[in-house]
Amino acid sequence: MRIDAISIFPDFFSVLDISLLGKAREAGLIEFKAHDLRSYTHDRHKTVDDSPYGGGAGMVMKPEPWGEAFDQLLTGNPTVIFTTPAGKKFNQEIAQELSKKQHLVFACGRYEGIDQRVVDYARTKAEVLELSIGDYVLNGGEVAAIAMIEAVCRLIPGVIGNSDSLADESHNDGLLEYPSFTKPQSWRGLEVPEVLLSGHHAEIAAWRKQQSMLRTQQNRPDLL
């Protein structure tokens with residue numbers, strides 16, 4: 001998979017060099033590059049924002065640098081993702097869909113957002129998604145893009161060493177994942193549930209299903 005990210009802070013994405021995603025890049029499973037939006041400007045101040053038409057607080061990202069960036073990067077059959085609190089909420093189902101794409105381009109806004117014409121223009125050149133990672137506002141789209149990239153890329157075959165571990169995770173079946181335990185059996189007066197020590201796989205599976213239901217009801221009843 002090829003992934004590009006456009007940002008005025010491309011150094012944000014250096015975290016993708018570590019852990020499993022870093023290894024996946026080294027193995028050639030993922031090709032990633034962060035692009036500095038300011039490199040697509042032509043004034044000596046490398047201006048990427050201006051005051052909003054109609055008035056209001058803050059600044060809006062100008063369309064010209066984005067247009068030049070898209071003209072360079074949107075080749076073939078890409079999917080452009082605008083990370084925005086005004087977008088559709090990102091979830092595991094969307095992550096699974098995106099993991100099957102060949103080329104993703106993340107457009108990371110700042111300030112009061114990106115000129116709407118940039119989104120409209122991108123739709124003439126590529127599939128476009130406007131996505132949010134939650135009902136809150138961040139200073140920019142980079143953190144959201146990194147979260148989405150990790151959620152998507154770990155679903156690519158070969159990125160996770162044991163692919164079976166993906167099957168029992170939260171949200172895969174609409175429920176939150178059951179609690180996990182490891183050695184020692186007793187720790188600071190707290191014990192591992194007896195059923196997990198029984199060796200009865202059917203009983204363990206039933207317990208885990210029950211725990212998933214209880215955890216979902218307590219923490220995310222909206223999923224039920």
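Residues Thr47 and Pro65 approach most closely at O-CG, 4.2 Å, considering heavy atoms. Considering all non-hydrogen atoms of both residues, Ala151 and Ala95 come closest at O-CB, 4.1 Å. Nearest approach of Ser7 to Cys108, heavy atoms of both residues: CB-CB, 4.2 Å. Of all non-hydrogen atoms in Pro184 and Val192, the two that sit nearest each other are O-CG2, 4.0 Å. For Thr216 against Leu176, the heavy-atom pair with the smallest separation is OG1-N, 2.8 Å. The two residues Pro52 and Gly58 have their closest heavy-atom pair at CD-O, 3.3 Å.
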Listed pairs under 3.5 Å, donor-acceptor, residues 66-73 side chains, sequence neighbours left out:
from, atom 1, to, atom 2, distance (Å)
Glu68, OE1, His42, NE2, 3.1
Glu68, OE2, His42, NE2, 2.8
Asp71, OD1, Tyr121, OH, 2.5
Gln72, OE1, Tyr40, OH, 3.4
Gln72, NE2, Tyr40, OH, 3.3

Atom pairs and distances, donor-acceptor, side-chain atoms in residues 194-206, under 3.5 Å, two or more places apart:
from, atom 1, to, atom 2, distance (Å)
Ser198, OG, Val195, O, 2.7
Ser198, OG, His200, N, 3.2

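Among residue pairs with one or both ends in residues 50-59, none qualify as salt bridge (Lys or Arg N to Asp or Glu O under 4.0 Å); sequence neighbours excluded. Within the structure, every pair that satisfies the salt bridge (Lys or Arg N to Asp or Glu O under 4.0 Å) test and touches residues 78-90, not counting sequence neighbours, is listed here: Lys89-Asp135. A salt bridge (Lys or Arg N to Asp or Glu O under 4.0 Å) check over residues 28-45, counting only residues at least two apart or in different chains, returns nothing.
Rounding to the nearest 0.5 angstrom, the gap separating the OG1 atom in Thr41 from the CD1 atom in Ile8 is 11.0 Å. Separation of atoms OG (Ser99) and CD (Gln92) is listed at 9.0 Å; rounding is to 0.5 Å. Here the straight-line distance linking atom SG of Cys153 with atom CG of Leu16 works out to 7.5 Å at 0.5 Å rounding. Interatomic distance, Thr83 OG1 to Leu131 CG, rounded to the nearest 0.5 Å: 8.5 Å. Note: Met148 CE to Leu129 CG = 9.5 Å, rounded to the nearest 0.5 Å. Between the CD1 atom of Ile30 and the CZ atom of Arg154 there is a distance of 11.5 Å, given to the nearest 0.5 Å.
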- Show your working on side chain to side chain contact (heavy atoms under 4.5 Å, CB included) between Val105 and Ile6 and close with a plain yes or no. CA-CA 8 Å; Val105 179; Ile6 308 168; 4.0 Å; yes

- Query: How far apart are the C-alpha atoms of Val60 and Tyr111, what are their side-chain angles, what is the distance that settles it, and do they pass the side chain to side chain contact (heavy atoms under 4.5 Å, CB included) test?
  - Reply: CA-CA 6 Å; Val60 176; Tyr111 315 121; over 6 Å; no

- Item | Lys209 vs Leu175, side chain to side chain contact (heavy atoms under 4.5 Å, CB included): CA-CA, chis, key distance, verdict | CA-CA 9 Å; Lys209 183 71 172 181; Leu175 299 175; 3.8 Å; yes

- Query: What do the steps show when you test Lys62 against Asp49 for salt bridge (Lys or Arg N to Asp or Glu O under 4.0 Å), and what is the final call?
  - Reply: CA-CA 5 Å; Lys62 294 166 60 68; Asp49 62 302; over 6 Å; no

- Task: Go through Leu37 and Arg110 one step at a time and tell me if the side chain to side chain contact (heavy atoms under 4.5 Å, CB included) criterion holds.
- Result: CA-CA 11 Å; Leu37 182 66; Arg110 283 263 157 179; over 6 Å; no

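For Thr79, the side chain to side chain donor-acceptor pair (under 3.5 Å) partners at least two apart in sequence or on another chain are Glu127. Considering only residues two or more places apart in sequence or on other chains, Glu130 meets the salt bridge (charged side-chain N to carboxylate O under 4.0 Å, His left out) condition with Arg123. A search for side chain to side chain donor-acceptor pair (under 3.5 Å) contacts involving Asp222 returns Arg220, not counting sequence neighbours. Shown here are the ring pair (Phe, Tyr, Trp, His ring centres under 6.0 Å) partners of Phe32, two or more places apart in sequence or in another chain: Phe13. Here Gln116 pairs with Asp120 under the side chain to side chain donor-acceptor pair (under 3.5 Å) rule; sequence neighbours left out. Scored by the side chain to side chain donor-acceptor pair (under 3.5 Å) test, His103 finds Arg2, Asp4 as partners (sequence neighbours excluded). With sequence neighbours left out, Asp115 forms a salt bridge (charged side-chain N to carboxylate O under 4.0 Å, His left out) with Arg117.
Counted within 6.0 Å of CD on Gln211, heavy atoms from surrounding residues, nucleotides or ligands total more than 12; the atom is thus considered enclosed. In Tyr136, the OH atom is crowded: over 12 heavy atoms of neighbouring residues, nucleotides or ligands sit closer than 6.0 Å.
Cluster annotation: Phe12 is connected to Phe82 through the hydrophobic network of ILVMFWY side chains, with a link wherever side-chain heavy atoms come within less than 4.5 Å. Both Leu138 and Phe90 sit in one connected hydrophobic cluster of ILVMFWY residues. Membership requires side-chain heavy atoms under 4.5 Å apart, directly or through other members. A continuous path of ILVMFWY side-chain contacts below 4.5 Å connects Leu74 to Val118, so both sit in one hydrophobic cluster. Residue Leu98 is grouped with residue Leu21 when hydrophobic side chains (ILVMFWY) are merged at heavy-atom distances under 4.5 angstrom, including chains of intermediate members. Under the 4.5 Å side-chain heavy-atom criterion for ILVMFWY residues, no single connected hydrophobic cluster contains both Leu214 and Leu224.
Salt bridge Arg208/Glu177: absent, no basic N to carboxylate O contact under 4.0 Å.
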